[in-house]
*Asks:* 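Got a structure for you, written out below as structure tokens; questions coming shortly.
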Amino acid sequence: MSAGSLLNHILYKDGYLEKLITDNYESIYKYCYYHLNQRQAAEDITQEVFLKFLNNLDNYRDYGKIRNYLYVIAGNLIRNYFRKPKETCVEELRDFEETAPDHADDFLDRLMVMDALSTLEKTEKDIVILRYYQELRLRDISRILGIPASTVRYKLKNAEKQLRNRLDLQE
């Protein structure tokens, strides 16, 4: 869909914008959450992704799937987030205290996986999140990250090996 027809759809077709957001919100949120490990920050950045998309709609060029374009915006916002000074969020600590006793085993497993993911280089972490948490094809990941599919495949295998070693899993 061309930028002009996309703009017309969003502005004039009833429900198109709402459908675009509802169809993509959860995927973008999960992508942000797996990078940030903070619910509130992931929600904020997810909302900002859609705002940036709408604000820059006149500059949009058809690169294939709109969701891939949204992942690119999210990746840029996440990079900007990590450049900012960090603040401790009291709400996140309360959320942790409330959920830990009931779901301690699941929580510990998730912590171990998040810790293992944090040891990967940024590109490999992006690839693992996009492939296994967002269930994207290698070709789509290649487009989102702007690297060849063969490089994506190589880095994914390397990241899998590192994660298996880090988590003491057998092949």
*Asks:* Is Tyr154 atom OH crowded by more than 12 heavy atoms from other residues, nucleotides or ligands, each under 6.0 Å away?
*Replies:* no
*Asks:* Work out which heavy atom in Gln134 is nearest to a heavy atom in Tyr31; give both atom names and the distance.
*Replies:* OE1-N, 3.5 Å
*Asks:* For a side-chain contact (heavy atoms from CB on, under 4.5 Å) check, start with the C-alpha distance between Asn24 and Phe50, then their side-chain angles and the critical distance, and finish with the verdict.
*Replies:* CA-CA 9 Å; Asn24 294 292; Phe50 290 100; 4.0 Å; yes
*Asks:* Please give me the minimum heavy-atom distance between Cys32 and Ile45, naming the atom from each residue.
*Replies:* SG-CG2, 3.6 Å
*Asks:* Which of parallel (below 30°), tilted (30 to 60°) and perpendicular (above 60°) describes Tyr29 and Tyr25?
*Replies:* parallel
*Asks:* Short question: side chain of Arg67, backbone of Asp23 - any donor-acceptor pair under 3.5 Å?
*Replies:* yes
*Asks:* Apply side-chain contact (heavy atoms from CB on, under 4.5 Å) to Met114 and Tyr34, showing your working.
*Replies:* CA-CA 8 Å; Met114 291 299 191; Tyr34 289 124; 3.3 Å; yes
*Asks:* With a 3.5 Å distance limit and no angle check, can you tell me whether Asn56 reaches the backbone of Lys52 through a side-chain donor-acceptor pair?
*Replies:* yes
*Asks:* Please determine whether side-chain contact (heavy atoms from CB on, under 4.5 Å) holds for the pair Val49 and Tyr71, giving the CA-CA distance in whole Å, both sets of side-chain angles, and the decisive distance to 0.1 Å.
*Replies:* CA-CA 8 Å; Val49 165; Tyr71 282 128; over 6 Å; no
*Asks:* Are the side chain of Thr46 and the backbone N or O of Ala42 linked by a donor-acceptor pair below 3.5 Å?
*Replies:* yes
*Asks:* Using the side-chain contact (heavy atoms from CB on, under 4.5 Å) criterion, which residues pair with Glu160? Sequence neighbours excluded.
*Replies:* Tyr132, Leu156, Lys157, Arg164
*Asks:* Give a yes or no on whether Lys122 atom NZ has more than 12 heavy-atom contacts from other residues, nucleotides or ligands under 6.0 Å away.
*Replies:* yes
*Asks:* Does NZ in Lys125 sit with more than 12 non-hydrogen atoms of other residues, nucleotides or ligands closer than 6.0 Å?
*Replies:* yes
*Asks:* Could you tell me which residues satisfy side-chain contact (heavy atoms from CB on, under 4.5 Å) with Thr151, sequence neighbours excluded, listed by chain and number?
*Replies:* Ile147, Pro148, Lys155
*Asks:* Measure across Ile144 and Leu130 and return the closest heavy-atom pair with its distance rounded to 0.1 Å.
*Replies:* CG2-CD1, 4.1 Å
*Asks:* Are there over 12 heavy-atom neighbours, none belonging to Glu26, within less than 6.0 Å of that residue's CD?
*Replies:* no
*Asks:* Val72, Leu51: one ILVMFWY side-chain cluster at the under-4.5 Å cut-off?
*Replies:* no
